[in-house]
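Everything below concerns the one structure shown next.
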Amino acid sequence: MKLDHILHGGDYNPEQWLDRPDILEKDITYMKEAGINTVTLGVFSWAVLEPSEGEYNFQWLEDIINRLYENGISTILATPSGARPKWMADKYPEVLRVRQDRQRNLFGGRHNHCYTSPVYREKVAMIDEHLAKRFANHPAILMWHISNEFGGDCHCPLCQEAFRQWLKDKYETIDRLNQCWCTTFWSHIYQSFDQIESPSLVGESAVHGLNLDWKRFVSEKTAEFVRHEIAALRQGGAKQPTTVNLMYDFEGLNYDKLAECVDVISWDSYPVWHKGADIVPALDNGLQHDYMRSLKNQPYLLMESCPSGTNWHGISKLKRPGLLTAASLQAIAHGSDSVLYFQIRQSRGSSEKFHGAVIDHYGGDDTRVFREVKYIGESLKKLSEVAGSEVCAKAAIIYDTENRWAMEDSQGPRNDGLHYHENLMKMYTALKRQGINVDIISESKSLEKYSLVLAPMLYMFRENMEERIEAYVRKGGCFVLGHWSGITDEWDRCYLGGTPYGLMDVFGLRRSETDALYEYEHNSLIPEGGSMFQNEYSCSTICDLLQVKDAQVLMKYGKEFYAGIPAVTKKLYGQGQAYYIGTDAQQEFYDVLCEKLVHELGIERAVSGDIPKDVEVCTRSLGQTEYVFVQNYRNSDMDIRGMELNGELLYGKSKETLHAYETIVLKQKK
C-alpha cells in the first residue's frame, strides 16, 4: 500500500456512544483539530453489527463512516472476529475454546474461540462478506483490519483431529514421526496418529518434538483462519489491502506465517517508560519496529500506541511531556507510515476505561495530552514526504521464533532463564550506537544482501541454516554466531558429531562443553595478544568451552577451571569472516566488536562523529534522498555538535542542541 501522507488517528469505538450524537459530533471536531485523518472502526463491534443471528445492523456504521469521510477522515475497517457475541456462544458452544486440561471455557474475554470450528468459520465468513458487500466500494475505506491481536490455542476434539491430520500430512508414517520426536525415550512410542493428543500439563508435555509441532500447527491454523477471513472479504468484493495487528515480542505465534497472508504488517506498541534511562525501552521498542518492518521488508503501520498511561501495565505511568512525540516519530524513523493510538475517546466502563486516550473522560480539547497529539498531527504533516520511503539496512540480526520455542523448552542448560532477548538487545544496542539501520530476520530469510549478520543463541538450525551460513561467509559475508548455537535440528534433536553443527570448519572450532552460571556468578574475558580487544570484560549466564582448531583466539576465560580456554574467536573462511562468541558478555564488549566491524566492513553510518548513548539515529530513503532521524531520549537538553550533522533541517530547530525528547529530521542526498 503506497501512501502519499502519514496516517494519524487510531481506534475509535463510536458504538459505545450511539445514544450521544452530541459526543460523536464533538469527536469529529476534535479529530480535525488534532490533525487526525484516519480511524479504525469495528474491531469489537460484532454484538452491535449482528445483535441476533442473521440480523445485520450496519446503518450506524455507515452513517459514522460517511460523517467522518465528509470531514476528511478515512477508515480502516476491521472484521469483528476478535470477540464473538453472546448469542453465538449460547447457541453454538463449540465455538468456545477448550483449555489444556480439556475443559471448555465459559463465554467471555477476547479470542475465546476455536479457529477450527466449522460454525465459527461460517459465522465469521458471513459477517465479513456482508461487510465487504456494504463497504467494498466506499471511498473512505483505506484497508481491512483482520480481527485483532491473534493469539492462543484451542484443545477441543475438532482441533485434536485437525492436528492429527496435519501430522499425517507432514510425516506420512507414524514411524517417521516417532523417529523425529525421539519417542523411544520414556517409552512414549505411538502406534498410530490417532493416539496423539496436543501437549498438556496434565498429560504429555516433555516430548519436545510434539511441543514444537503443536506450536507450528497453531501458527499455521491461525494463518489459515486469516486467509479464510480475507477470502470472505474478497468474495464480497473488497479489493483494499489487508493487515493484522501484531504484538510486542510475542512468542505464541510464528509471525512469518501471518506476514505471508496480508498485504501490510501493523503492530501495537506499548513500551514501559520512565523506569530508568528512557533510551533502554526506546531501543527495545526500536528493535520491535525493525522486526515488524523486516517481516515483509516494506513500510508498515503503527496500529496502536497509548497517548497517556497504559492501563494494563503494572504501573500506569504517565508519559512525560514530549515523550509521546518522540515515541511516535520513532515509529516513522523505523519505517512506519502511521501513528495510530488506542484509543481516540476513552471508554466509560469495563476493562480499558482507564487506558489513555486522545479525548479523556473530561471530554475537552484543553488537556496536556490532547495538545501533544495535536502537535504530533502538525509534525506528521511536515514529514508527509517521508511516507512510502524505505529503510535500507546492511546489517541484520537473526531472531527466530521457532528457535526460541525450542530453546526455552530444552530443559537445560538454564531453566531459570536463558536471557535470549537480553542477549539480543546487547547486540542490537551495539549496532544502533553506530547509527546504522538493522533488520531483524528469521532463519527463513535470505542473508545475501547484508554485509554483517549477527545470530545470538541460534540453538536450533532449520531451513538448512548451516549450509546457508557457510555459503554466506564463503562468498564474503561477516557472520557473528553467539553461544549455545547449532545444537539441535528442527525437531529439537541434538546433533551428533560436534557443534556448531555443519560449521565447525567454517568457525574453526568445536564446542566441547557448556557451563551454566547462577545469576550471581560472573566470569571474565581476557584479551589475547594481537586481537581487536584491549580491555577485560565480564560475562555471565552461559559459557561455551571451545576447542579451537584453526581459528584466531580473541579472548579467553579468566576464571574457573576453564581459565585460559578460548571464549571468543575469529576465522577467515573463503572470502568472509566467521566470529564465535561463546558467552553472554557485558554491553561494552558488543559495543567494541560492532564498532570495529562496522568500520572494517565499510557499512555507511548515517552521521559522522560520536553518537551520545541517549540518542537514536535512523534513516529512511526515497530514490537518492535520505531522511536522517536523530532523537534524544533524555529528559534534558543535549549538545549534539560532536555528531557532525549534514543536510537540510526538514524538521526540528537546531543541529547543535536537542531539547528533552526532541527529534530532528535531516534531508540529504544519499
Side-chain angles (χ1 to χ4, degrees), residues 287 290 393-400 403 419-420 422-434 436-443 445 447-459 461 465-466 468-487 499-509 511 525 527-528 531-533 537 539 541-544 546 548 551-555 566-603:
L287 183 147
D290 288 337
K394 298 301 291 181
I397 298 178
I398 297 177
Y399 189 44
D400 189 86
N403 171 62
H419 299 296
Y420 179 45
E422 291 80 359
N423 188 237
L424 165 78
M425 280 305 305
K426 290 177 183 178
M427 293 186 179
Y428 180 79
T429 297
L431 289 174
K432 290 304 294 179
R433 284 177 175 171
Q434 295 304 305
I436 65 173
N437 296 329
V438 182
D439 283 352
I440 308 297
I441 62 175
S442 70
E443 291 190 47
K445 299 297 177 66
L447 309 177
E448 301 308 315
K449 71 174 183 176
Y450 302 108
S451 302
L452 173 62
V453 177
L454 292 83
M457 303 179 74
L458 203 60
Y459 164 82
F461 281 174
M465 197 68 219
E466 68 282 358
R468 294 191 292 118
I469 292 173
E470 188 277 335
Y472 169 77
V473 177
R474 176 167 40 83
K475 294 176 183 177
C478 181
F479 198 96
V480 179
L481 187 62
H483 60 280
W484 197 233
S485 290
I487 311 296
T499 62
Y501 174 75
L503 295 173
M504 289 182 287
D505 288 340
V506 176
F507 287 87
L509 55 83
R511 180 186 64 90
L525 296 175
E528 190 75 353
S531 83
M532 65 173 67
F533 299 101
Y537 300 101
C539 62
T541 310
I542 292 176
C543 295
D544 284 346
L546 305 179
V548 171
Q552 177 189 356
V553 177
L554 303 180
M555 307 200 86
V568 181
T569 64
K570 170 187 176 181
K571 181 180 174 183
L572 302 180
Y573 180 85
Q575 300 177 53
Q577 305 174 60
Y579 289 81
Y580 193 94
I581 304 171
T583 185
D584 186 358
Q586 69 184 85
Q587 181 65 58
E588 288 73 15
F589 165 85
Y590 298 100
D591 291 346
V592 171
L593 175 67
C594 290
E595 180 182 9
K596 292 184 180 296
L597 290 181
V598 167
H599 175 75
E600 179 184 317
L601 297 170
I603 298 175

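All values derive from a computational prediction rather than experimental measurement. Along the sequence shown, the residues carry numbers beginning at 1.
Between Leu287 and Ile440, the shortest heavy-atom contact is O-CG1, 3.8 Å. Taking both residues in full, the closest heavy atoms of Ser485 and Tyr580 are given as N-OH, 4.0 Å, listed atom of the first, atom of the second, then distance. Annotation for Trp484 and Arg511: closest pair CZ3-NH1, 3.7 Å, computed over non-hydrogen atoms. Residues Leu601 and Ser451 share a closest heavy-atom pair of CD1-O, 3.7 Å. The heavy-atom pair separating Ala393 from Asn437 by the smallest distance is CB-O, 3.6 Å. Taking both residues in full, the closest heavy atoms of Phe461 and Gly486 are given as CZ-CA, 3.5 Å, listed atom of the first, atom of the second, then distance.
With salt bridges taken as basic N to acidic carboxylate O contacts below 4.0 Å, none links Lys445 and Asp439.
The shortest side-chain heavy-atom distance between Asp290 and Tyr428 falls under the 4.5 Å cut-off. Using a 4.5 Å cut-off on side-chain heavy atoms (C-beta onward), Met457 and Asp584 make no contact.
Taking Gln586 as the reference, Glu588 meet the side-chain hydrogen bond (donor to acceptor under 3.5 Å, both in side chains) condition, with sequence neighbours excluded. Gln577 pairs by the side-chain hydrogen bond (donor to acceptor under 3.5 Å, both in side chains) definition with Tyr579, Glu600, not counting sequence neighbours.
Atom CG of Leu509 is separated from atom CG of Leu546 by 5.5 Å, given to the nearest 0.5 angstrom. Here the straight-line distance linking atom OG1 of Thr569 with atom CD of Glu528 works out to 12.0 Å at 0.5 Å rounding. Distance CG/Leu452 to CD1/Ile397: 8.5 Å, rounded to 0.5 Å. Summarising the geometry, atom CD1 belonging to Ile581 is positioned 9.5 Å from atom CG belonging to Leu525; distances are rounded to the nearest 0.5 Å. Between atom CD1 of residue Ile542 and atom NE2 of residue His419 there is a gap of 9.0 Å, rounded to the nearest 0.5 Å.
Side chain of Lys571 to main chain of Asp505: a donor-acceptor pair is present (N/O by atom type, distance under 3.5 Å, no hydrogens or angles). Looking only at distances, a side-chain donor or acceptor of Asn403 sits under 3.5 Å from a matching main-chain atom of Tyr459. In this structure, the side chain of Tyr472 engages the main chain of Tyr450 through a donor-acceptor pair within 3.5 Å. Remark: the backbone N or O of Met427 is not paired with any side-chain donor or acceptor of Lys432 at under 3.5 angstrom.
Here the options are Leu431, Leu481, Ile398, the test is side chain to side chain contact (heavy atoms under 4.5 Å, CB included), and the partner is Leu454; only Leu431 passes. Results of the side chain to side chain contact (heavy atoms under 4.5 Å, CB included) test with Met465 over Leu503, Asp400, Leu447 single out Leu447 as the only residue that passes.
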| query | Could you go step by step and tell me if Tyr420 and Tyr399 meet the ring pair (Phe, Tyr, Trp, His ring centres under 6.0 Å) rule? | reply | CA-CA 9 Å; Tyr420 179 45; Tyr399 189 44; 5.2 Å; yes
With a 3.5 Å cut-off and sequence neighbours excluded, list the donor-acceptor pairs that the side chains of residues 589-598 form with protein atoms.
from	atom 1	to	atom 2	distance (Å)
Tyr590	OH	Asn423	ND2	3.1
Tyr590	OH	Ala585	N	3.1
Asp591	OD1	Arg433	NH1	3.4
Asp591	OD1	Gln587	NE2	3.0
Asp591	OD2	Arg433	NH1	2.6

